[in-house]
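Remember, it's a predicted structure, so these values are computed and weren't measured experimentally.
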Amino acid sequence: MPGDDDMLSWDESVFRDESVFEIDHVPETFRHRESQLESLKYALRPAVRGSRPLNTIVRGPPGTGKTTAVQKLFTELRARTEVRTVRVNCQVDSTRYAVFSRLFEGIFEYEPPSSGISFKKLFGQITDRLVEEDEVLVVALDDVNYLFYENEASDTLYSLLRAHEAHSGAKIGVIVVSSDLSLDVIDDLDGRVQSVFRPEEVYFPVYDATEIYDILGERAKRGFHEGVIGDVELDRVADLTAESGDLRVGIDLLRRAGLNAEMRASKAIAIEDVESAYDKSKHVHLSRSLRGLSESEQALVRVLADFDGEQAGAVYEAFHEETGLGYTRYSEIINKLDQLGVIDAEYADVEGRGRSRELTLAYDAEAVLDRLE
């Protein structure tokens, strides 16, 4: 039995600052991304001089620091310059109208009227303000892949990139951030957008094992009290994180391992705390993908979990029965879930029926159902 001095009293915690382990926490020290930050600064420099910045594509797998880099630079720009910055989370705002509502809010510091102001008017008010104030606006479309899944990307980018033509003097620069490496941002845009979108590319590779250990060690130091996590345990967290290639898995794993230690009323994290936390943490990406789904999209995921591996026909029948939605919407949702990596939709030749899709979940059905609200 551990002695009393190894046990937490009821008002103690292993955490010095639990917010350090939130997925969207912006760390004070941001390591191993110096060259990417330099490239982004280079693209944004004209904005500081009052000109339109260079447009940029930021690409890389999930959990490689893309959002953090944008947030860091935007904070710096706001603090030191007159440049306006707005980051839009496209998982939440996945239509052109929603994106521009967020820009309106960023510029005017209140939400646009919820009752049907037309897109044209919304757009006009934003560009009018930029011209009046002689301000440069930099827009980050974070997780831009969601705009592609909803077929809204070309219209959204076209409006942003052509703003200076629609309204002389409006200066808007765009950073698009994509975690979907199967998406070719340029190729998947309309020709009319491709002709005006000539972005710089900044790539964020997966962190290597040493970098992961370094970053997680820094987080642990800020988030836990001294002595809560030892080298052996931190090594294990770093190994599991390197396996997944997603730093967010490691950050979530540290938090859950800390909570497990607290449940045992222990002042220190044990290897078992890490191992049992990993079952939940390894699905951080899945949880995030499912969180953004609409009711009908979630309904289809549930049906797929029940019919995993069966013919697409049976899946459609069950989906239609549950939601009353038709085949076109069903097909659109299948495409989106496939692009999100929640399912695999493979075309297969079926005798006498031409090509049919075989649908399978990309994760264990139980893990998926556990994470649906």
Considering all heavy atoms, the nearest L40-V58 contact
CD2-CG2, 3.8 Å
Using every non-hydrogen atom in the two residues, find where I107 and R129 come nearest and quote the distance to one decimal.
CG2-CG, 3.4 Å
Under 4.0 Å between a Lys/Arg side-chain N and an Asp/Glu carboxylate O for R96 and D155?
no
So with a 6.0 Å cut-off around CG of D231, is the heavy-atom count from everything else above 12?
no
Could you tell me if Y146 and D93 have a donor-acceptor pair between their side chains, going purely by distance under 3.5 Å?
no
Short question: side chain of R236, backbone of I271 - any donor-acceptor pair under 3.5 Å?
no
Interatomic distance, OG1@T64 vs CD@Q36, rounded to 0.5 Å, equals 8.5 Å
Any side-chain donor-acceptor pair under 3.5 Å between D180 and S178?
no
E295 and R302 ion-paired at < 4.0 Å
no
Quiz question: by atom type and distance under 3.5 Å, do the side chains of E38 and S35 form a donor-acceptor pair?
no
How far apart are the C-alpha atoms of D246 and H285, what are their side-chain angles, what is the distance that settles it, and do they pass the side chain to side chain donor-acceptor pair (under 3.5 Å) test?
CA-CA 8 Å; D246 185 340; H285 189 59; 4.5 Å; no
Would you call R31 and E211 a salt bridge, taking side-chain N to carboxylate O under 4.0 Å as the test?
no
E275, CD: over 12 other non-hydrogen atoms inside 6.0 angstrom:
yes
So that I can tick it off, tell me whether R222 and E28 are bridged by a salt bridge, with the cut-off set at under 4.0 angstrom between side-chain N and carboxylate O.
yes
Sidechain N-carboxylate O distance under 4.0 Å for R16, E226
no
Pair E150 + K336, salt bridge at N-O below 4.0 Å
yes
Can you find a side-chain donor-acceptor pair between T68 and Q71 that sits under 3.5 Å?
no
May I ask you to say whether R288 pairs ionically with D143, meaning some side-chain N is under 4.0 Å from a carboxylate O?
yes
Separation of Q194 CD from L157 CG (nearest 0.5 Å):
11.0 Å
Is it true that R102 and E105 make a salt bridge, defined as a side-chain N closer than 4.0 Å to a carboxylate O?
yes
Evaluate S13 against E262 for side chain to side chain donor-acceptor pair (under 3.5 Å), listing each step before the verdict.
CA-CA 7 Å; S13 170; E262 284 196 344; 2.6 Å; yes
Is a salt bridge present between D142 and R87, judged by a nitrogen-to-oxygen distance below 4.0 Å?
yes
Any Lys/Arg nitrogen of D252 or K280 sitting under 4.0 Å from an Asp/Glu carboxylate oxygen of the other?
no
Any side-chain donor paired with an acceptor under 3.5 Å for E218 and T29?
yes
What orientation do F224 and F21 show, parallel under 30°, tilted 30 to 60°, or perpendicular over 60°?
tilted
Between F15 and H225, does the ring centroid distance fall short of 6.0 Å?
no
Per the side chain to side chain contact (heavy atoms under 4.5 Å, CB included) rule, which among L259, I269, L234, V274 passes with L254?
L234
Look at the rings of F319 and Y330 and say which category their plane angle falls in: under 30° parallel, 30 to 60° tilted, over 60° perpendicular.
tilted
Within 45° of the ring axis of Y158 and under 6.0 Å from its six-membered ring centre, is that where the NZ or CZ of R192 lies?
yes
Stepwise side chain to side chain contact (heavy atoms under 4.5 Å, CB included) test for L216 and I212:
CA-CA 6 Å; L216 294 178; I212 286 171; 3.7 Å; yes
Quick one: do the K66 and S179 side chains pair a donor with an acceptor below 3.5 Å?
yes
Where do P53 and P46 come nearest, in terms of heavy atoms and distance?
CA-CB, 4.1 Å
